[in-house]
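Shown next, in structure tokens, is the structure this report addresses.
Numbered from 1 within each chain, the chains take letters A, B, ... in sequence-line order.
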Amino acid sequence: MLPVIVVHGGAGLVGAERLEGSCRGVQEAALAAYRILQQGGSALDAVEEAVVKMEDNPMYNAGCGSVLNELGEVEMDAIIMDGKTLASGAVSAVRGIANPIKLSRLVMEKTQHLCLTAEGASRFAKAMGVPEVEEESLKTDYSRKRWVENLAPGSNPVESQMYGKSVSVSFLNQNRGKMG
Amino acid sequence: TVGAVAIDSQGNVASATSTGGMLNKMAGRVGDTPCVGCGAYADNLFGAASPTGHGEAIMKVTLCRLILFHMEQGMSPEKAADTALEYMKTRVQGIGGVIVVNSSGDWVARFTSEKMPWAAVKNDQLHYGFYKGE
């Protein structure tokens with residue numbers, strides 16, 4: 001079987017100034033993961049590596065660079081799934097770690113559960129020796145700027161870029177800021 | 001949101017997805033990402049998928065499991081992805097994208113948003129794109 005890796009960097013808003021960086025980031029992630037597959041590594045290791053690369057890249061809404069919630073905080077979700085066994089692990093609303101995808105894999109491999117959330121996920125991370133990071137280190141100037149711009153209802157002037165010109169105003173209003 | 005799907009030399013597939021969620025979401029909001037069949041799905045019999053987009057819409061149609069269901073019924077990854085994304089768009093007005101690989105190593109990156117950065121490597125060849133049709 002010829003190994004294959006495919007990655008995406010999200011279907012949300014990407015401004016022109018971030019176009020080159022986001023395109024470069026997915027290529028770097030794909031190539032890093034492909035090297036694992038070339039060396040006989042597993043698909044599971046490859047997808048984890050690809051996602052770690054993008055979590056560490058502030059261009060993307062995951063890990064460092066995550067969008068902020070209404071309180072200006074970072075809450076992250078992640079999942080990993082193994083097609084051989086249908087095993088899966090996930091975390092939700094997790095804080096203060098750099099790579100939620102690694103914690104998801106630990107949930108899959110070290111617990112009887114499929115998903116750990118919030119404080120429970122943090123407790124598990126600590127028990128597994130996953131290093132804590134300062135929440136501020138996950139925030140970027142870009143994520144803070146977008147948070148401020150979107151505090152006021154109807155204050156996002158660039159949303160139409162996200163949906164395209166053919167979408168109605170009512171559709172935009174219904175779906176304002178709902179791209180994860 | 002970021003995601004990856006892969007098939008290795010043993011024919012095993014896997015999927016992974018990670019996100020900060022939705023801009024200015026309510027504290028405590030959990031989207032599609034950590035939900036099996038929504039934020040990811042992988043089954044060696046059919047393939048693997050990872051999505052991005054409107055989380056609540058992706059959950060309503062269990063997007064990744066829907067794509068694998070279509071592939072189980074004989075659709076190609078491209079047809080399965082397009083059919084599921086169109087269903088999500090018309091049925092629950094959800095916009096998004098997916099990457100898919102099947103158990104034969106055929107892959108696709110499809111989206112109903114204007115843009116989605118993606119990249120793929122197969123047979124030592126790098127493919128990438130950003131806009132529809134690339």
Side-chain angles (χ1 to χ4, degrees), chain A residues 1-11 14 22-23 26-27 30-31 34 37 40 42-44 46-48 50-51 54-55 60-62 66-67 69-71 74-84 86 88 90-93 100-101 115 146-147 150 163-164 171 175 177-180, chain B residues 1-9 11-28 30-34 36 39-44 48 50 52-56 93 95-97 99 101 105 107 109 111 113-123 126 128 130:
Chain A
M1 174 64 68
L2 279 177
V4 180
I5 177 78
V6 192
V7 309
H8 72 74
V14 183
S22 61
C23 282
V26 289
Q27 293 173 55
L31 289 169
Y34 188 69
L37 295 171
S42 69
L44 207 56
V47 296
E48 180 182 351
V51 169
M54 292 185 283
E55 285 177 337
Y60 304 109
N61 173 21
S66 289
V67 297
N69 68 14
E70 61 182 352
L71 304 177
V74 175
E75 290 184 329
M76 302 169 289
D77 306 332
I79 187 170
I80 193 164
M81 186 162 184
D82 180 0
K84 185 178 181 181
L86 302 191
S88 180
V91 291
S92 65
I101 198 66
C115 185
R146 290 189 71 199
W147 176 69
N150 283 273
Y163 296 100
F171 180 79
N175 289 280
K178 289 182 181 172
M179 297 286 270
Chain B
T1 304
V2 303
V5 295
I7 185 166
D8 60 30
S9 56
N12 296 314
V13 300
S15 174
T17 309
S18 182
T19 190
M22 194 171 76
L23 180 63
N24 291 34
K25 64 188 177 183
M26 288 179 69
V30 175
D32 62 292
T33 296
V36 177
Y41 204 75
D43 184 340
N44 276 8
S50 169
T52 169
H54 293 139
E56 280 69 9
Q93 290 200 309
I95 299 291
I99 49 174
V101 64
W107 63 272
F111 47 99
S113 55
E114 265 212 330
K115 307 164 190 169
M116 183 183 82
W118 61 267
V121 190
K122 180 179 182 180
N123 204 13
L126 173 67
Y128 59 92
F130 191 73

Open item on the list: Report which part of B:A27 has an atom under 4.5 Å of a heavy atom belonging to chain A: side chain, backbone, both, or neither.
Closed with: both
Open item on the list: Is the shortest side-chain heavy-atom distance between B:V2 and A:Y60 below 4.5 Å?
Closed with: yes
Task: Greatest number of heavy atom pairs closer than 4.5 Å to chain B - which of A:K84, A:E48, A:E55 - done: A:K84
Task: A:C23 side, atom SG; B:K115 side, atom NZ - distance, nearest 0.5 Å - done: 10.0 Å
Open item on the list: Counting neighbours of CE on A:M1 that are heavy atoms of other residues, nucleotides or ligands and sit closer than 6.0 Å, is the number greater than 12?
Closed with: yes
Task: Any donor-acceptor pair under 3.5 Å from B:K122 side chain to A:I5 backbone - done: no
Task: Residue among B:G3, B:A14, B:A4, B:S9 with most heavy-atom pairs under 4.5 Å to chain A - done: B:G3
Open item on the list: Which atoms of B:I7 are under 4.5 Å from chain A, going by heavy atoms: the side chain, the backbone, both sets, or neither?
Closed with: both
Task: Separation of B:Y41 OH from A:S88 OG (nearest 0.5 Å) - done: 9.0 Å
- [ ] Using a cut-off of under 4.5 Å on heavy-atom pairs, state which of A:A62, A:P100, A:A30, A:A46 scores highest against chain B.
- [x] A:A62
Task: Toward chain A, the part of B:Y128 with a non-hydrogen atom under 4.5 Å - done: side chain
Task: Polar side-chain atom of B:N24 near backbone of A:W147 as donor-acceptor pair, under 3.5 Å - done: yes
TODO: Could you have a look at B:G97, B:G105, B:S15, B:A120 and say which one has the most heavy-atom pairs with chain A under 4.5 angstrom?
DONE: B:S15
TODO: Applying side chain to side chain contact (heavy atoms under 4.5 Å, CB included), run through A:M81 and B:T17 and close with a yes or a no.
DONE: CA-CA 9 Å; A:M81 186 162 184; B:T17 309; over 6 Å; no
Task: Side-chain heavy atoms of A:L44 within contact of B:N12, under 4.5 Å - done: no
- [ ] Could you tell me the separation between the CD1 atom of A:I79 and the OG atom of B:S50, rounded to the nearest 0.5 Å?
- [x] 9.5 Å
TODO: Flag the one option from A:L86, A:N69, A:V7, A:L71 with the top tally of heavy-atom pairs under 4.5 Å to chain B.
DONE: A:V7
Task: Side chains of A:V14 and B:F130 in contact at under 4.5 Å (non-hydrogen atoms) - done: yes
- [ ] Select, from A:L31, A:V74, A:V67, the one with the greatest count of heavy-atom pairs under 4.5 Å involving chain B.
- [x] A:V67
- [ ] Show your reasoning for whether side chain to side chain contact (heavy atoms under 4.5 Å, CB included) applies to A:V26 and B:W118.
- [x] CA-CA 6 Å; A:V26 289; B:W118 61 267; 5.7 Å; no
Open item on the list: Can a donor-acceptor pair be found, under 3.5 Å and without considering hydrogens, that links the side chain of A:E75 to the backbone of B:G20?
Closed with: no
Task: Heavy-atom pairs under 4.5 Å with chain B, option from A:M54, A:M76, A:Q27 with the top count - done: A:Q27
Task: Closest-packed option against chain B by number of heavy-atom pairs under 4.5 Å, given A:G40, A:A93, A:A78, A:S66 - done: A:A78
TODO: Examine whether an atom of A:S42 lies under 4.5 Å from a heavy atom of chain B, and if so say whether it belongs to the side chain, the backbone or both; otherwise answer neither.
DONE: both
- [ ] Measure the OG1-CG distance between B:T52 and A:N61 for me, rounded to the nearest 0.5 Å.
- [x] 8.5 Å
- [ ] Look at the side chain of A:D77 and the backbone N and O of B:S18, then say whether any donor-acceptor pair between them is shorter than 3.5 Å.
- [x] no
